[in-house]
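Please read the structure below before turning to the comments.
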Amino acid sequence: MKRLILDGPGALHWEDGPEPVLDGPGQALVRPIAVATCDLDPAVLQGRFPLQGPYPFGHEGVGEVVAVGADVRTVVPGDRVVVPFQISCGDCPACLRGRTGNCTSHPFMSTYGLGAMGGLEWGGLWADLVRIPHADAMLVPVPAGVDPVAVASASDNIPDAYRAVAPQLADNPGAEVLILGGPAASSIGLYAAGLAVALGASRTVYLDTDPDRLKLAAQLGAEALEGPSDTRAGRFPIVVEAAGGRKALVAAINATANDGWCTSVSVQAQDVSLPLLGMYSRCCTFHTGRAHVRPVIPEVLALVAAGRFDPTPVTTRTVPWSDSLDALLDAPLKLIAVR
Ligand SMILES: [Zn+2]
Ligand SMILES: [Zn+2]
């Protein structure tokens, strides 16, 4: 079986890897048909994020089920399914609470395609075949009428954006949303803008310095505001920090209104001191952390199926499977390889 291996910054190669096999009754084998880059992938390829290669690459995508174990009830061969990037069993205490990214049935941070951090044994989605250890708990069928290519990022980056605006808008319907966009979590910031609009925010402001991302944010229905992350745009009850770095993080917190929610979806690799007195005074709820994607993937797909949210403007490049390697080295904002 062919699979793509990331060796390190600027270096990828195809190799013949071991063929995954079913070795338990709850498992499935899936053939990826549309695989997307996560915001971390170009960062690793450009040496901006420290993930040590070599490792099987790819952790966002839709696949076709090709085989299922005897106990699998929710999918059959031929189904098209979103594969969550995190491995989750569905019935440990963490999974039962919806904290599927912290499933306790497997080593901490078990994921596809993120190197030693996620465990090398799960493989990557940029491959001919992938083994799903808990098919019923993990796989989410793509709804009828939804193009699998459109939702290839529903494994990770779209639900990551969703968790930063959906519970907050459910708690505060119609609230105004501010997104600090930037290179660290570029697609997540844009998806958050589109999802805030879809979920009824009365105003969605997307702040960034990059003209291409600003154009995409406007296309997604947001108010595109050009400027650095500490541009004063007022205080907002819901703020999403996707830009990365201390300046943006502090700016996001400072832009959070009384009793507001600030979610940092960028991965801050350095320790940052926070303006805690202001956060305390304004009763700021701050959250950062890996998204628990599996429970919200059906909600994201339902929005797409209903025509309320279209993630496709964020896909800046789509290529045939065989062109994956060269296209990845160009590091587009969101690449999807299709076969
Ligand atoms: Zn990711
Ligand atoms: Zn679990």
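Note: hydrogens, waters and symmetry copies are ignored here, and every other heavy atom, side chains too, is used.
- Sorted by first and then second residue, the side-chain hydrogen bond (donor to acceptor under 3.5 Å, both in side chains) pairs involving residues 25-40 (not counting sequence neighbours) are Asp23-Gln27, Gln27-Arg131, Asp39-Ser187.
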#### Entry: Candidate pair Ser264 and Glu241, rule side chain to side chain donor-acceptor pair (under 3.5 Å), full reasoning
CA-CA 5 Å; Ser264 171; Glu241 184 277 307; 2.7 Å; yes

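- Counting non-hydrogen atoms of neighbouring residues, nucleotides and ligands closer than 6.0 angstrom, the CD atom of Gln52 reaches no more than 12 such neighbours.
- Other residues, nucleotides and ligands contribute at most 12 non-hydrogen atoms within 6.0 Å of the CZ atom of Arg97.
- By the 4.5 Å heavy-atom criterion applied to side chains, Ile132 and Val81 are not counted as neighbours.
- Taking the six-membered ring for Trp and thresholds of 30 and 60 degrees, His106 and Trp122 have ring planes more than 60 degrees apart, a perpendicular arrangement.
- Closest approach of Ala248 and Leu180 over heavy atoms only: O-CD1, 3.4 Å.
- Taking the six-membered ring where tryptophan is involved, the planes of Trp14 and Trp321 are tilted, since the angle between them lies from 30° to 60°.
- Taking the side chain as every heavy atom from C-beta outward, Cys95 and His134 never approach each other to under 4.5 Å.
- Using modelled atom types, one finds a donor on one side chain and an acceptor on the other under 3.5 Å when comparing Arg290 with Asn102.
- The distance from atom CG of Leu125 to atom CG of Asp156, rounded to the nearest 0.5 Å, is 10.5 Å.
- Formation of a donor-acceptor pair under 3.5 Å by the Gln168 side chain with backbone atoms of Arg163 is found in this model.
- Salt bridge Lys2/Asp16: present, at least one basic N to carboxylate O contact under 4.0 Å.
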